[in-house]
There are 2 protein chains.
Amino acid sequence: MANIRDVARLAGVSVTTVSRVLNDHPYVQEEKRQAVLAAIEESGYVKNLNAVSLSRGKTEMVGIVLPFTDHSYFAALLKGIAEEARIYSKKLVLFQTDYESDQEIKALEMLKHKQIDACIFCSRSSEWTVIEPYQSYGQIVMCEEMHENVSYTFIDQYQVFMKALHYLERKAFKRIGYCIGRRSGTNSEERERAYRDFLSSRKIPYNEAWIFDDCYHMQDGERVLEEIGRMSNKPDALLVTNDQTAAGILLTAEKAGLNIPEDLGIMGFENHPIAEMLSITTIDLPLEEMGRSLLRQAIKHEVEKKEVTVSLIERHTI
Amino acid sequence: MANIRDVARLAGVSVTTVSRVLNDHPYVQEEKRQAVLAAIEESGYVKNLNAVSLSRGKTEMVGIVLPFTDHSYFAALLKGIAEEARIYSKKLVLFQTDYESDQEIKALEMLKHKQIDACIFCSRSSEWTVIEPYQSYGQIVMCEEMHENVSYTFIDQYQVFMKALHYLERKAFKRIGYCIGRRSGTNSEERERAYRDFLSSRKIPYNEAWIFDDCYHMQDGERVLEEIGRMSNKPDALLVTNDQTAAGILLTAEKAGLNIPEDLGIMGFENHPIAEMLSITTIDLPLEEMGRSLLRQAIKHEVEKKEVTVSLIERHTI
DNA sequence: TTGTATGCGTTATCAT
DNA sequence: ATGATAACGCATACAA
């Protein structure tokens with residue numbers, strides 16, 4: 001396969017001149033430019049971007065770390081990231097981690113080894129202390145609030161959860177529980193903190209049984225409702241941190257003959273199309289916008305912290 | 001940043017020896033190995049995989065071309081691909097194309113430019129004739145039946161559609177229409193061919209109005225049902241090529257007071273959790289398995305054609 | 001068992 | 001304007 005030297009030889013010029021033509025640099029006679037172009041054509045030359053990366057010290061690729069791709073929350077984030085990446089001509093390298101720490105490390109190692117220029121963590125299970133040292137190898141961007149010297153785009157989960165709780169309170173719900181993906185992680189911990197603060201300010205005892213974790217998909221909603229069915233002391237409303245699970249709860253509840261929201265108030269999160277279709281009251285999360293912001297932060301060198309705001313969409317499950 | 005030469009100097013050995021240690025090659029004295037290891041530690045050396053790629057002529061990365069990531073069909077395919085990629089230590093470069101041909105070309109150009117070793121097309125809008133020439137630059141794998149000299153993993157859409165039509169016929173549906181993502185593309189054309197063959201063998205006239213395209217999400221189902229509502233001559237059953245749309249149709253129908261399947265039979269495709277939740281009769285598509293197969297084909301050098309089989313899941317919408 | 005020298009394909013520097 | 005040459009960092013055939 002022809003390389004830049006072959007082209008140079010064929011065109012009767014130096015490799016430098018060929019490189020100039022290739023990269024649209026000035027200072028090359030039209031005559032020689034044509035000769036080079038002809039030689040490229042004749043030899044079927046194609047640039048080896050790998051060599052370019054090595055020489056330039058950059059790959060123009062960004063790593064995306066997320067636990068699952070088959071989940072609407074991350075899919076929406078990814079969509080925004082991909083759209084923005086197209087604008088800046090960045091390529092995306094995907095790391096589907098299943099929340100396994102060693103998979104996250106793989107992404108960081110790739111950053112270290114100069115296979116990617118930057119890395120976006122849509123979510124993580126690794127401790128920040130293991131991620132932090134990798135910052136010296138390239139930009140690392142997080143999708144959660146941090147206090148460190150990192151770029152991030154975030155939603156103030158504490159405020160949002162608190163706002164949702166107040167809304168439920170105004171609607172006269174008294175026994176509020178919540179569903180969440182996992183108990184750990186900044187975002188989850190912020191929500192739990194809001195929940196506990198809310199309860200204690202009202203002198204309501206904290207009830208561990210009303211917190212349901214591992215809630216990601218519709219089936220998880222089914223499971224949650226079954227669990228509630230077995231309880232003697234049932235919650236009368238649930239904050240459900242994703243619309244898929246909320247939909248699962250709603251559909252299962254209706255199948256079971258429950259009246260929503262009379263028997264159980266349901267507040268979703270995301271404002272996914274399914275929430276609109278099922279008329280689920282939810283918190284609209286601007287995920288695609290967040291994705292775009294994350295990518296922009298990944299390619300800029302300064303540290304930037306960006307908060308995005310959410311809005312409550314009133315529908316019929318509260 | 002230290003490179004392999006620095007390490008060699010520090011350890012008092014040659015770069016070859018360092019390389020041997022780095023790649024676990026035999027023939028290196030334990031003593032020198034330790035010296036190298038120490039030098040690596042001391043210098044904070046990290047391998048530049050970009051240089052490795054250039055030297056080896058491979059990147060161990062595979063491009064994934066798909067129109068959307070926020071769609072369960074492609075998300076499931078991607079999940080399978082990602083799982084298998086992990087096994088073989090391949091990295092994934094994502095191309096979200098929105099079915100824009102020039103985005104597909106970008107992936108092919110990356111193959112040409114040696115940034116990726118292979119490329120998987122989960123779906124495409126480009127003509128095969130524009131893709132085909134790129135085969136000389138690396139393995140290209142398709143997710144549809146081809147007659148060319150390419151590797152692919154496929155579902156016999158003609159057979160599947162025919163099977164579904166026969167099933168509907170047995171269940172006494174007479175006026176069958178269908179919903180599809182897009183009219184073009186091999187898979188869609190195969191389905192249309194089956195549909196037309198079925199109709200003509202029964203001497204049933206073909207009715208363009210009963211074919212609904214641009215059906216990907218739940219809302220599209222809503223739209224379809226609205227359209228049907230305005231028809232004087234309505235279909236009595238629909239083959240819906242994805243469960244999301246099928247769910248949208250079902251939910252909208254129920255909201256409108258229709259009886260399913262009496263007023264409208266609905267057959268989904270994919271067997272997504274939502275189909276189970278809503279008890280939608282559907283065709284189970286082994287998407288994750290297909291994804292895994294696609295990745296394996298991408299990393300092997302021989303041409304391989306693999307068919308996967310599907311099964312009909314009887315539930316309550318037919 | 002180890003080292004030398006060369007190749008991988010480009011970009012960048014510095015003359016001219 | 002153009003070219004020679006040195007990086008970029010690693011792998012490896014071949015020699016010893």
Side-chain angles (χ1 to χ4, degrees), chain A residues 1-40 43-61 109-117 137-138, chain B residues 1-40 43-61 109-117 137-138:
Chain A
M1 195 156 291
N3 64 25
I4 199 171
R5 262 181 292 272
D6 299 326
V7 174
R9 202 174 307 127
L10 210 61
V13 300
S14 72
V15 290
T16 313
T17 302
V18 177
S19 181
R20 285 214 177 84
V21 173
L22 251 27
N23 297 292
D24 287 324
H25 281 193
Y27 303 130
V28 43
Q29 274 187 343
E30 187 53 28
E31 196 181 335
K32 301 216 176 196
R33 153 173 268 107
Q34 291 307 329
V36 169
L37 260 23
I40 288 174
S43 61
Y45 166 80
V46 298
K47 198 191 264 207
N48 183 326
L49 288 181
N50 228 323
V52 176
S53 295
L54 176 60
S55 187
R56 287 224 171 102
K58 294 176 112 201
T59 61
E60 309 298 334
M61 300 210 269
E109 286 292 317
M110 227 167 132
L111 185 66
K112 183 170 175 176
H113 293 158
K114 299 199 166 294
Q115 294 253 96
I116 54 180
D117 297 338
Y137 302 114
Chain B
M1 195 158 288
N3 63 24
I4 198 172
R5 261 180 296 272
D6 299 326
V7 174
R9 199 175 309 126
L10 211 60
V13 299
S14 71
V15 291
T16 313
T17 303
V18 177
S19 181
R20 286 215 176 84
V21 173
L22 251 26
N23 298 292
D24 287 324
H25 281 194
Y27 304 130
V28 41
Q29 275 186 345
E30 188 52 30
E31 196 182 335
K32 300 215 174 194
R33 151 173 270 107
Q34 291 307 330
V36 169
L37 260 23
I40 288 174
S43 61
Y45 166 80
V46 297
K47 200 192 264 207
N48 182 326
L49 288 183
N50 228 324
V52 176
S53 296
L54 177 60
S55 186
R56 288 226 171 100
K58 295 175 112 201
T59 60
E60 309 298 333
M61 300 211 269
E109 286 292 317
M110 225 166 134
L111 186 65
K112 183 171 175 176
H113 292 158
K114 299 199 165 295
Q115 294 253 97
I116 53 181
D117 297 337
Y137 302 114

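Order of the sequence lines sets the chain letters (A, B, ...), proteins ahead of strands, with each chain counted from 1.
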Consider the side chain of [X], meaning its heavy atoms from C-beta on, and name the nucleotide among [options] that approaches it most closely.
X       : options               : value
B:Arg56 : D:dA11, D:dC10, C:dG9 : D:dA11
A:Arg20 : D:dA11, D:dT2, C:dT11 : D:dT2
B:Thr16 : D:dA11, D:dG3, C:dA5  : C:dA5
A:Val28 : D:dC8, D:dT2, C:dG3   : D:dT2
B:Lys47 : D:dC10, C:dT11, D:dT2 : D:dC10
B:Ile4  : D:dT12, D:dC8, D:dA11 : D:dA11

The reported gap from CE in B:Met61 to OG1 in A:Thr59 (rounded to nearest 0.5 angstrom) is 7.0 Å
Expressed as a whole number of angstroms, how long is the span from [X]:[atom1] to [N]:[atom2]?
X       : N      : atom1 : atom2 : answer
A:Asp6  : C:dG9  : CG    : C1'   : 10 Å
B:Asn3  : D:dA7  : CG    : C1'   : 11 Å
A:Asp24 : C:dA12 : CG    : P     : 14 Å
A:Leu49 : C:dT10 : CG    : C1'   : 10 Å
A:Arg5  : C:dG7  : CZ    : C1'   : 9 Å
B:His25 : D:dA11 : NE2   : P     : 8 Å
B:Asn48 : D:dA7  : CG    : P     : 17 Å
A:Gln34 : D:dA1  : CD    : P     : 17 Å

Check for a donor-acceptor pair, side chain of A:Ser43 on one end and backbone N or O of A:Val7 on the other, with a separation under 3.5 Å.
no
[N] phosphate, OP1 or OP2, under 4.0 Å from [X] side-chain N/O:
X       : N     : answer
A:Lys32 : D:dG3 : yes
A:Ser14 : D:dT2 : no
B:Thr17 : C:dG3 : yes

With a non-hydrogen cut-off below 4.0 angstrom, is [X] in contact with a base, only sugar-phosphate, or nothing?
X       : value
A:Val46 : sugar-phosphate
B:Val18 : nothing
A:Asn50 : nothing

Task: Close side-chain approach of B:Leu22 to B:Ile40, heavy-atom, < 4.5 Å - done: yes
Q: For atom CD of A:Glu30, decide whether the heavy atoms of other residues, nucleotides or ligands shown that lie under 6.0 angstrom number more than 12.
A: yes
The answer to which of B:Tyr27 and B:Ser55 contacts DNA chain C further toward the 5' end, by nearest nucleotide, is B:Tyr27
For A:Val18 and A:Ala8 the tightest heavy-atom approach is CG2-CA, 3.6 Å
A:Asn23 versus A:Lys47, side-chain donor and acceptor atoms under 3.5 Å: yes
